[in-house]
*Asks:* 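Can you keep this structure in mind? I'll have questions shortly.
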Amino acid sequence: MTVESTAGQGKRTKESNTESRNEMMQDDSMEDVFLDTEHGRDTSIEIDHPSRSVTDHSGWFPANPSPNLVAIFEEDEDFNSAKHETQMWSSRLTYLIASVGGAVGIGNVWRFPFLCYRNGGATFLIPYFLSLFALGIPLWILESSLGQGIGKSSLGCFRDLSRRWKGLGWLSFVANQGICIYYCVVLAWSLRYLGAGMSAGPIPWAGGSGTEYFQSEILHNAYVCWQRNGTVDWSKVGEARSWHEEVYPLSLLVNQSRLHQTDILDYTQADEMRRRFGLRCHETGFHQQGRIIDENVTSLLVIWLVVLVMVFYGTKTLKWSVYLSIPLPYIVLVVIFFRGVTLEGASDGIRFYLQPDMERLFYDRVNPETGEVQTAIDVWINAASHIFFTFGLAEGILITYASYNPPHFHIPSNAAVIAFTNCATEFFSGFCVFSILGYMAHKKGVAVEDVVAGSPSLVFETIPEALSLMPSPKVFNSLFFIMLLLLGITSATTIVEVSVSILRDQCREMIQRGGACSGLGRLIMKKTWFLPCIVSVLSFLLGLLFCRRSGSLWVDLVDGSISNFLLTLIGFCEFVLVAWIFGMPNVRLLLHRRIAWFPKSLLGFLWKYVGPVTTFVLLVAGVR
């Protein structure tokens, strides 16, 4: 590797033994240019790729490149100059840490353990790892290679491959922002828990009141109750005042004749009716959403202000924030792990986590209490959808981050590092969570599978309640929610950065087209603060929908719709676009010329056949 100044760099001459080799080297020559943002200097790095001179790859490339590929190659000069202007990563380590920060988030501590819990512990790990190697890593390499080779966001990449598929970039934008909106709501709940846990006095959810605190204080949930052999006409559940002003104190509810099926009760009252009189009680859900909860709005505003500041200052904060926000959660996980495995009953939880139940993969199950049917295909769908969610696949994150890479970063090794780190974090967090679940099961005298009721309840009911039973409960609760906030804010910042990058690519296209829209595009690009502010403000306003009684239901609805369907749909379209429409020979030539690497037999087979077929089957199976 030799380093030359930009001003003094001339046209390179290559020494070779034959004239044909000289010609080939000139055609394939490429300068890897990037901006060293750490020291503020412009550096050009020339990298020799010996494999080009000793291996003939012509058999992998098209005889007649497609018009779209020719158009991409015509932008070679702009491609290198764009690297000068927008380059973020001054080193591979910074890129890897930032990518880990985008992949490792709340989902590793909340979503993965809950899916393991719901789908039979270690049983879930079988389709999880199969999905990782069949879908996760191949699609990760596909998206990263497109971003690094084309140097644009998902919108720009898909537009360059085929202008008819530009809408796929906007679809990833919708999925990206949908996740970010409810993600920040969950962070707002975590911020409220952190504030309550650090305040003076005892922890509010201590003494077995974890469910009551989350349902009443955080969500303000309302309920209706009826006889077990009766039904409820939800159309008659009318508007009621906030449960804080409810006219049904417990002393009056003793007489069931005073209770009607249209009466709205709070969690404490509904629990009393359930325990004392055996009534069925259910959340009013979307039927009676109530008012916007001021405390949740305030916390959500604080979260979005922090995210906006990190996005607004770009690399100045992102580069150093990842060095701080990524190691700290791992330290907290280690502390919780060693405390959790020493708790009484922890071995029962870990045994449930590691002991597979193979029947869950092939036979349907019916919940005897609720009558809910969980089909075997759900286990496979949940595993594949979680791989999409945890790696940020089909969201445009990988494409955008890789677009800031210098061309010489080795993509397969980056994929291996990030996949190992992400999966190891999830597997390790499983030990932390299930040791606590075993402890809670021992305290309550129930089986491990009966401890958790739902997805949000794992993080906001069960674990906080368990931590409150430990010595120094405030310390452990504070550490837990600080960890969630650090993980979540880093991921949220990544998501917003990607959305802003997509909008900037659209503005550049408006400028190139000329006309009336070009002036608007130039104005937006000139005001660097405009797009981050617009994305953050609109996302905050949409997040108000989650700040009502039905907040947790909206989180489940949006998370399920995006993770189980939309991301899978986008992944299917990406495989089809790259491998079939643009074509594998064209992809190989593009990547070989731009980044001196291209997929060969195995990856080509996965991109062209395994990926499209698997995602299509998941889509069909998920539509029920």
Side-chain angles (χ1 to χ4, degrees), residues 104 106 108-110 112-114 116-117 121 186-187 189-218 267-268 299 324-354 425-454 456-488:
V104 176
I106 291 182
N108 298 72
V109 182
W110 156 41
F112 173 80
F114 176 74
C116 282
Y117 178 85
V186 175
L187 291 178
W189 296 344
S190 303
L191 184 61
R192 288 195 60 188
Y193 267 86
L194 179 62
M198 298 180 68
S199 60
I203 294 178
W205 52 88
S209 58
T211 302
E212 179 180 353
Y213 182 81
F214 182 60
Q215 298 293 333
S216 299
E217 294 297 328
I218 303 296
Y267 175 80
T268 305
S299 299
L324 175 67
S325 59
I326 298 304
L328 285 180
Y330 285 99
I331 296 174
V332 176
L333 273 178
V334 170
V335 172
I336 294 177
F337 169 78
F338 283 108
R339 184 67 187 100
V341 295
T342 59
L343 295 172
E344 195 172 6
S347 59
D348 296 332
I350 295 175
R351 188 179 303 112
F352 180 86
Y353 178 43
L354 297 179
T425 302
E426 291 190 324
F427 189 67
F428 182 71
S429 66
F431 283 96
C432 301
V433 171
F434 278 92
S435 63
I436 294 175
L437 293 181
Y439 172 67
M440 282 296 294
H442 176 77
K443 283 290 184 180
K444 293 184 175 182
V446 298
V448 175
E449 55 264 30
D450 297 327
V451 175
V452 180
S457 65
L458 172 63
V459 171
F460 295 105
E461 296 177 16
T462 307
I463 294 180
E465 185 177 330
L467 295 176
S468 69
L469 300 175
M470 298 181 184
S472 304
K474 286 198 170 186
V475 174
F476 282 102
N477 273 280
S478 298
L479 287 175
F480 178 73
F481 287 107
I482 288 174
M483 175 187 68
L484 290 184
L485 288 169
L486 288 174
L487 289 173

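No experiment lies behind these values; they were computed from the predicted model shown.
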*Asks:* For the residue pair Ser468 and Ala206, what are the closest heavy atoms and their distance?
*Replies:*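 Shortest heavy-atom contact: OG-CA, 3.7 Å.
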*Asks:* Are side-chain heavy atoms of Cys116 and Glu426 found at a separation under 4.5 Å?
*Replies:*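 Answer no - side chains too far apart.
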*Asks:* Ignoring hydrogens and angles, tell me if any N or O in the side chain of Tyr330 forms a donor-acceptor pair with the backbone of Thr425 under 3.5 Å.
*Replies:*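 No, because the side chain of Tyr330 does not come within donor-acceptor range (under 3.5 Å) of the backbone of Thr425.
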*Asks:* Calculate, to the nearest 0.5 Å, the distance between atoms CG and CG belonging to Leu437 and Asp450 respectively.
*Replies:*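 Those atoms lie 11.5 Å apart.
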*Asks:* Search all heavy atoms of Trp189 against all heavy atoms of Ile218 and return the closest pair with its distance.
*Replies:*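 Looking at all heavy atoms of both residues, the shortest contact is CD1-CG2, 3.7 Å.
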*Asks:* When you compare the side chain of Val341 with that of Phe431, does any pair of heavy atoms fall below 4.5 Å?
*Replies:*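 Side-chain contact under 4.5 Å: no.
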*Asks:* Does the side chain of Val109 reach to within under 4.5 Å of the side chain of Phe480, using non-hydrogen atoms?
*Replies:*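 SC-SC contact between Val109 and Phe480 confirmed.
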*Asks:* Rounded to the nearest 0.5 Å, how far apart are CG of Leu487 and CD1 of Ile482?
*Replies:*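 Leu487 CG to Ile482 CD1: 12.0 Å, rounded to 0.5 Å.
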*Asks:* Can you give me the closest heavy-atom contact between Phe352 and Glu449, atom names plus distance?
*Replies:*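 Heavy-atom minimum between the residues: CE1-OE1, 3.7 Å.
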*Asks:* Which heavy atom of Asn108 sits nearest a heavy atom of Ser429, and at what distance?
*Replies:*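 Taking every non-hydrogen atom into account, O-OG, 2.8 Å.
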*Asks:* Would you say the side chain of Lys443 lies within less than 4.5 Å of the side chain of Glu465, judging by non-hydrogen atoms?
*Replies:*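 Side-chain contact under 4.5 Å: no.
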*Asks:* Side chains of Tyr353 and Ser435: do they bring a donor and an acceptor to under 3.5 Å?
*Replies:*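 No pair is found: no donor N or O on one side chain lies under 3.5 Å from an acceptor on the other.
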*Asks:* Show the nearest heavy-atom pair for residues His442 and Gly345, with the distance to one decimal.
*Replies:*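 Heavy atoms only, the tightest pair is CB-CA, 4.0 Å.
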*Asks:* Ignoring hydrogens, what is the shortest heavy-atom contact between Pro471 and Arg339? Give both atom names and the distance.
*Replies:*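 Nearest pair, atom of Pro471 first, then Arg339: CD-NH2, 3.0 Å.
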*Asks:* Could you give the distance from CG (Leu328) to CG (Leu333), rounded to the nearest 0.5 Å?
*Replies:*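 Answer for the CG-CG pair, Leu328 versus Leu333, is 11.5 Å.
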*Asks:* Would you compute the distance between atom CG of Leu343 and atom CG of Leu467 and round it to the nearest 0.5 angstrom?
*Replies:*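 Here the rounded value is 9.0 Å.
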*Asks:* Less than 4.5 Å apart, side chain to side chain, heavy atoms only: is that true for Leu458 and Val433?
*Replies:*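 Side chain of Leu458 against side chain of Val433, heavy atoms only: contact under 4.5 Å found.
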*Asks:* Residues in ring-ring contact (aromatic ring centres under 6.0 Å, His included) with Tyr193, at least two apart?
*Replies:*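 Applying ring-ring contact (aromatic ring centres under 6.0 Å, His included) to Tyr193 gives Trp205, Tyr213, Phe460, Phe481.
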*Asks:* Measure the shortest side-chain to side-chain distance between Leu479 and Met483 over non-hydrogen atoms and say whether it is less than 4.5 angstrom.
*Replies:*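 Of all side-chain heavy-atom pairs linking Met483 with Leu479, none is under 4.5 Å.
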*Asks:* Starting at OG of Ser209, measure out to CD1 of Ile203 and round the result to the nearest 0.5 Å.
*Replies:*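 If I round to the nearest 0.5 Å, the distance is 10.0 Å.
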*Asks:* Using 0.5 Å steps for rounding, measure from the OG atom of Ser299 to the CG atom of Leu194.
*Replies:*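 One gets 10.0 Å once the value is rounded to the nearest 0.5 Å.
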*Asks:* A side-chain contact here means heavy atoms from C-beta on lying under 4.5 Å apart; do Asn477 and Lys474 qualify?
*Replies:*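 When only atoms from C-beta onward are counted, Lys474 and Asn477 do not touch, as no gap falls below 4.5 Å.
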*Asks:* Side chains of Leu354 and Phe434: does their closest heavy-atom pair fall under 4.5 Å?
*Replies:*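 Not in contact.
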*Asks:* ring-ring contact (aromatic ring centres under 6.0 Å, His included) with Phe428: which residues, sequence neighbours excluded?
*Replies:*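 ring-ring contact (aromatic ring centres under 6.0 Å, His included) list for Phe428, sorted by chain: Phe337.
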*Asks:* Judged by atom type as modelled, is there a donor-acceptor pair below 3.5 Å linking the side chain of Arg192 to the main-chain atoms of Glu217?
*Replies:*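 Yes: the side chain of Arg192 pairs with the backbone of Glu217.
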